[in-house]
Amino acid sequence: MGLMDLANPTRFMAVSQRILPWLWGLAAAFLIAGLYMSFFLAPQDYQQGNTVRIMFIHVPAAWLAMMGYSMIALSSIGTLVWRHPLADVSARAAAPIGAAFTFIALVTGSLWGKPMWGAWWVWDARLTSVLVLFLMYLGLIALWRAFDDPARGARIVAVLALVGAVNLPIIKFSVEWWNTLHQPASVFRMGGPTIHPTILWPLLVMAFGATLLFLAIHLAAMRNEVLRRRVRAMQITAARAVATTGTEDGEPELA
Amino acid sequence: MLESLGEHAGFIAAAYAITFVVVAGLIIWVRADGKAQMRELDAMKRRGLRRRADAKD
């Protein structure tokens, strides 16, 4: 089965139904293992003490905040170039999940910043660009909801989403381009991670579990969106039947 | 358990609690939405409405 077969909504619904239970189960297993490692195996940081344990949720949430928007941007290309309805379904399903993980990254970062930096919030480049990402998520969600017909809204939202993708490299490189309170990259960097393996492994297990959870929620949300569009299509067909037959319920003509 | 996290235990507990609430909210929302769409679809099928794709079967 190729990728194009999966792009058929009916095929997608069948395959995703089989994959989803495994995704939920794997995500739960990795997150439970990651939480155990985070609290019982990982040592305190020599400078930050126990607050380093906030990193095990803050960093995966921040990565997924960017991954969610990257998925929207890639899906938007699918909407604009191939006009495939599943591409818009994917983008629309990813937006609230990405917004939720961005919110988690902002709040946990603030809760980590207060004891370490002495401030809940500073208007530095990293924090501000992530706040902009959160606002862009909300903007996309609001714009989608402004259209009654998803097909009409898809292309307009896709253009806006692609314009907003310029924020992704700004977030990534903000700690290098400007002086910020936020620490520079310490996992994905040239020369390898700078974190000790006793802290790095719990972080990677948590990040993998959180990624699986994101994908499970995304797949479930995509299925919901496909169903929503089917319901809408049936309602429109029913309304047209009523208009042409003159009957109020239109039921016999559609059966 | 909480005392063993030291003087900043409140910040750590709050970070995990908020994350749990947001993620649980997402999961509950997505499952409730799925059930609502299925209910709607079943109700329309009971009324005799069919998708064009189903009608071909």
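Residue numbering restarts at 1 for every chain, and letters A, B, ... go by the order of the sequence lines.
- When side chains are defined from C-beta on, Ile27(B) counts as touching Trp24(A), because their heavy atoms get closer than 4.5 Å.
- For a residue to count as touching a neighbouring chain, one of its non-hydrogen atoms must lie under 4.5 Å from one of that chain's; by this rule Ile217(A) touches chain B with backbone and side chain alike.
- Shortest non-hydrogen contact noted between Asp33(B) and Arg228(A) is OD2-NH2, 2.9 Å.
- Both the backbone and the side chain of Ile97(A) come within contact range of chain B, judged by heavy atoms closer than 4.5 Å.
- Atom CZ of Phe147(A) has more than 12 heavy atoms from other residues, nucleotides or ligands within 6.0 Å.
- Taking a 6.0 Å sphere around CZ of Phe103(A), one finds it holds 12 or fewer heavy atoms contributed by other residues, nucleotides or ligands.
- The closest donor-acceptor contact from the side chain of Asn224(A) to the backbone of Val30(B) lies under 3.5 Å.
- Listed options Ile54(A), Thr108(A), Leu213(A), Val107(A) were ranked by heavy-atom pairs under 4.5 angstrom with chain B; first place goes to Ile54(A).
- Taking the side chain as every heavy atom from C-beta outward, Leu111(A) and Ile18(B) approach each other to under 4.5 Å.
- Within 6.0 Å of atom CH2 in Trp22(A), 12 or fewer heavy atoms from other residues, nucleotides or ligands are found, so the atom counts as exposed in its surroundings.
- Contacts between Gln235(A) and chain B at a heavy-atom distance below 4.5 Å involve backbone atoms as well as side-chain atoms.
- Leu26(B) and Ala100(A) make their closest contact through CD1-CB, 3.6 Å (heavy atoms, listed as atom of the first residue, atom of the second, distance).
- A donor-acceptor contact shorter than 3.5 Å links the side chain of Tyr16(B) to the backbone of Arg53(A).
- When each of Arg31(B), Lys35(B), Met38(B), Glu40(B) is checked for heavy-atom pairs under 4.5 Å with chain A, Glu40(B) comes out on top.
- For Trp29(B), the CH2 atom is densely surrounded, since the number of other residues' heavy atoms within 6.0 Å is greater than 12.
- A 4.5 Å side-chain heavy-atom check between Met116(A) and His8(B) finds at least one atom pair inside the cut-off.
- Put simply, CD on Glu225(A) and CD on Gln37(B) are 8.0 Å apart, with the number rounded to the nearest 0.5 Å.
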